[in-house]
Structure formats: structure tokens, C-alpha cells
**Student:** 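Can you read through this structure? Questions will come right after.
A note on names: the letters A, B, ... follow the listed sequences, proteins ahead of strands, and every chain is numbered from 1.
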Amino acid sequence: MDDQTRMLTGLTGLGGLAQADVGDPDSVRKQQSLGQPQQDIGDILQQIMAITDESLDEAQARKHALNCHRMKPALFSVLCEIKEKTVLSIRGVQEEDPPDPQIMRLDNMLLAEGVSGPEKGGGSAAAAAAAAAAGGSPTDSSIEHSDYRAKLAQIRQIYHSELEKYEQACSEFTNHVMNLLREQSRTRPISPKEIERMVAIIHRKFSSIQMQLKQSTCEAVMILRSRFLDCQVRKRRNFNKQATEVLNEYFYSHLSNPYPSEEAKEELAKKCAITVSQVSNWFGNKRIRYKKNIGKFQEEANLYAVKTAVDAANVSAQASQANSPATPNSGGYPAPCYTPDGRL
DNA sequence: TGGTATGATTTCGT
DNA sequence: ACGAAATCATACCA
């Protein structure tokens with residue numbers, strides 16, 4: 001059954017309502033005793049209209065009488081339906097709001113930073129990752145680390161207490177409004193659906209306030225994190241042995257042209273668990289320092305030359321010595337010579 | 001504790 | 001934007 005027909009059938013029970021003698025209260029009251037439905041409804045409407053002219057006590061009594069009237073539920077549902085058709089159906093279209101992407105982003109971020117979600121010092125994971133990326137072991141930055149965790153815990157605590165406050169306020173307000181509407185629904189055409197809608201509106205309002213809270217919490221975490229990272233930058237840490245080995249291997253095996261491409265840098269960065277710009281810095285430093293004092297790097301150069309030669313031998317052995325590998329050194333940076341004592 | 005090593009930053013040229 | 005060179009700041013070690 002579509003809305004139109006439902007509405008029409010809903011109104012059939014009111015046949016003759018327009019023609020009912022509603023203009024004259026006395027005639028309506030007279031007709032009430034006849035027990036005809038249309039007369040009952042006309043009577044109820046008339047009484048409702050008359051309530052405003054009565055004293056408060058009288059009105060209360062009348063209200064109670066109306067509430068108990070046997071036609072009240074029918075009239076109530078009809079009025080609800082009419083109201084639904086006229087006003088709320090317009091708004092009903094955009095009722096189903098999808099989850100706000102902004103709030104989802106904030107939620108995800110707060111979860112990732114360990115502010116929301118289960119308590120386990122989760123935020124330190126990011127800090128540990130930052131420390132590891134800077135080349136240090138996560139344990140030796142314990143001072144800043146604990147400081148960071150303490151600050152994060154503080155933010156977490158404030159966030160949760162504020163959130164709780166908002167939630168409490170929201171449920172209190174919702175209950176209040178619901179009670180009010182339920183009470184009013186005794187005399188006004190307020191359907192449960194409408195109450196539901198009202199609750200949804202309140203929740204939306206409160207969630208926008210919550211979003212502000214989430215936003216400012218995110219900002220606080222970001223500021224804290226950038227300070228922590230600044231701290232990490234100032235406190236320089238040497239790369240670990242394995243990372244230096246990987247970088248040196250590349251440098252000495254590409255001594256003729258020790259300029260890794262963007263892809264090579266990314267590859268090296270991944271291997272060494274450092275950033276691409278750190279790889280660039282390392283190569284910049286290495287080139288200039290090697291060039292300045294080749295003698296000093298002789299031993300190191302020989303070491304890595306032997307290493308790569310062994311590796312190459314292994315590879316070529318596996319490849320059934322098909323053709324000799326191209327030597328990388330052809331110009332560019334001076335190649336090391338292989339004297340046993342490391343002199344040039 | 002001072003010297004050296006080393007990662008990061010700055011300045012300048014292309 | 002990238003690299004060379006100089007310089008800074010800190011880690012590391014004897």
C-alpha cells in the first residue's frame with residue numbers, strides 16, 4: 001500500500017469531518033451522545049480548541065478527559081500521519097547520514113596514536129618507530145620516551161574525561177527531551193518515530209561537539225609528536241652496523257659513479273630502515289669525505305672491494321661463468337688499489 | 001675529557 | 001632540485 005492510498009484510507013474514518021457541525025460547540029456536545037465517529041472527532045477537536053480559553057485547572061481536567069477518550073488513539077494516529085506527510089517527510093530524505101569521513105579520520109588517528117582504544121601505551125609504538133628510524137635502539141632514548149608517554153597519557157586522560165562528560169550530558173539531555181516529548185505526546189501528535197528523529201538530531205549535535213574535542217586532541221598529539229621528533233633530530237644517532245655495511249657496499253661497488261638513483265635510494269633506505277633523505281645525506285657526506293682523504297678510506301675500500309668480488313664470484317659461479325661482469329670503475333672517483341698494507 | 005667519526009644542516013653553484 | 005663544500009652538533013672511544 002503506497003502513502004497516498006494509506007493516507008486516503010486513514011482519512012476515510014473521518015468521513016464528513018469537514019461537514020461536521022464543529023462551529024457550534026453545543027450542537028457537537030449534543031451529537032456526542034449519538035455516538036457517531038465523526039461527531040466524536042469533531043467534539044474532540046472542538047474541545048482542544050476550547051482549552052486555550054479555559055483556566056489551568058479546567059484545562060488539566062479537560063486534558064485528562066481527552067486523553068481517556070476512546071477516540072483519542074485514532075485521532076492521534078491520523079494527526080501523526082498528516083504531520084508526517086506535510087512536514088517531516090521533506091526532512092526524512094536526508095535522514096540516513098553516512099558515517100562522517102572527517103570523524104572517521106580523527107578516530108583512526110586517535111586510535112593509531114594510542115589516545116583512544118585499549119590502554120597499552122600504544123602511542124609509544126609511533127615513538128619507538130621514530131627512534132628506530134633515527135638509527136637508535138628504542139631503549140636508549142628512555143628519558144624522552146617516558147616523557148613522551150607521560151604527556152600522551154595526560155592527553156589521553158583529558159580526552160577520556162571530556163568524552164565521558166559529553167556522553168553523560170548527551171544522554172541526560174536526550175532523556176530529558178524524550179520525557180518531555182512523551183509527556184507532550186499525550187496532547188500533541190508526536191509519534192515515536194518523531195521522538196527517534198529528535199534523538200538523532202541531538203546525537204548529531206553532540207557528535208559535532210565531540211568532533212571538536214577529537215580535533216583538538218589530535219592537534220595536541222601532533223604538537224607533542226613533532227616536539228618529540230625534533231628532539232630525536234637534535235640527538236643524532238649513528239646508523240647501525242648493518243645499515244652502514246649496506247651503504248658502504250653500494251658506495252664502493254659504484255665508486256665510478258656513487259650517485260644512486262631515486263629508486264636505488266629508496267631501495268637502500270628500505271634495506272637500512274632509514275629515510276631516503278638520510279641515504280642522500282650519507283652519500284653526500286661519504287663522497288666528500290672519501291674524495292678529501294682517499295688514503296684514509298683505503299682499507300675500507302679494499303675490504304668492500306673484496307667483499308663484492310667474492311659476491312660477484314659466487315654469482316658468476318652460479319651463472320656458469322657466462323661472461324665477465326662489467327667493472328663499475330671507469331672514471332669518476334679514484335678506485336682503490338689492492339696493496340696488502342692498504343697504501344696507495 | 002679531548003680527539004675523531006658521523007649524521008644533519010647550511011650555503012652556494014648549476 | 002640536486003650536489004659540493006663547509007660547518008655544526010653529537011656520538012663514540014681511548
**Student:** With A:Met211, which residues qualify under side-chain contact (heavy atoms from CB on, under 4.5 Å), at least two apart?
**Tutor:** A:Asp100, A:Gln102, A:Ile103, A:Leu106

**Student:** Tell me the interatomic distance from A:Tyr259, atom OH, to C:dC2, atom C1', rounded to whole angstroms.
**Tutor:**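 Spelled out: OH on A:Tyr259 to C1' on C:dC2 is 10 Å.
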
**Student:** Under 4.0 Å between a Lys/Arg side-chain N and an Asp/Glu carboxylate O for A:Glu267 and A:Lys270?
**Tutor:**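 Judged by the 4.0 Å cut-off on N to carboxylate O distance, A:Glu267 and A:Lys270 do not form a salt bridge.
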
**Student:** Check whether A:Tyr159 and A:Ile209 end up in the same hydrophobic cluster, where Ile, Leu, Val, Met, Phe, Trp and Tyr are linked by side-chain heavy atoms less than 4.5 Å apart.
**Tutor:**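 Yes.
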
**Student:** Side-chain N or O of A:Lys291 less than 4.0 angstrom from OP1 or OP2 on C:dG3?
**Tutor:** no

**Student:** Given B:dA8, is OP1 or OP2 found less than 4.0 Å from the side-chain N or O atoms of A:Gln278?
**Tutor:**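 A:Gln278 to B:dA8 OP1/OP2: side-chain N or O found under 4.0 Å.
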
**Student:** Can you tell me the distance, in whole Å, between the CD1 atom of A:Ile288 and the P atom of C:dA6?
**Tutor:**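 So the two atoms are 7 Å apart, to the nearest Å.
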
**Student:** Between C:dA4, B:dT9, C:dC2, which nucleotide gets closest to the side-chain atoms of A:Asn285?
**Tutor:**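 In terms of side-chain proximity for A:Asn285, the closest of C:dA4, B:dT9, C:dC2 is B:dT9.
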
**Student:** Does the side chain of A:Glu300 pick up a donor-acceptor pair with the side chain of A:Tyr252 at under 3.5 Å?
**Tutor:** yes

**Student:** Side-chain polar contacts of residues 170-181 of chain A - donor-acceptor pairs under 3.5 angstrom, sequence neighbours left out - could you list them?
**Tutor:**
from, atom 1, to, atom 2, distance (Å)
A:Ser171, OG, A:Gln168, O, 3.1
A:Thr174, OG1, A:Cys170, O, 2.6
A:Asn175, ND2, A:Ser171, O, 3.4
A:Asn179, ND2, A:Asn175, O, 3.3

**Student:** Side-chain N or O of A:Asn281 less than 4.0 angstrom from OP1 or OP2 on B:dG7?
**Tutor:**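 Negative; the distance criterion is not met.
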
**Student:** If we only count heavy atoms from C-beta on, is the A:Phe251 to A:Arg287 side-chain gap below 4.5 Å?
**Tutor:**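 Yes, their side chains come closer than 4.5 Å.
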
**Student:** Write down the protein N/O and nucleotide N/O pairs, taken from nucleotides 4-6 of chain B, whose separation is under 3.5 Å; answer none if there are no such pairs.
**Tutor:**
from, atom 1, to, atom 2, distance (Å)
B:dT6, O2, A:Arg236, NE, 3.4
B:dT6, O2, A:Arg236, NH1, 3.3
B:dT6, O2, A:Arg236, NH2, 2.9

**Student:** Measure the distance from NZ on A:Lys241 to C1' on C:dC12 and round it to the nearest whole Å.
**Tutor:**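 Interatomic distance, NZ of A:Lys241 to C1' of C:dC12: 14 Å.
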
**Student:** A:Phe283 CZ to C:dA4 P: how many Å, rounded?
**Tutor:**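 After rounding, the gap between these two atoms is 12 Å.
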
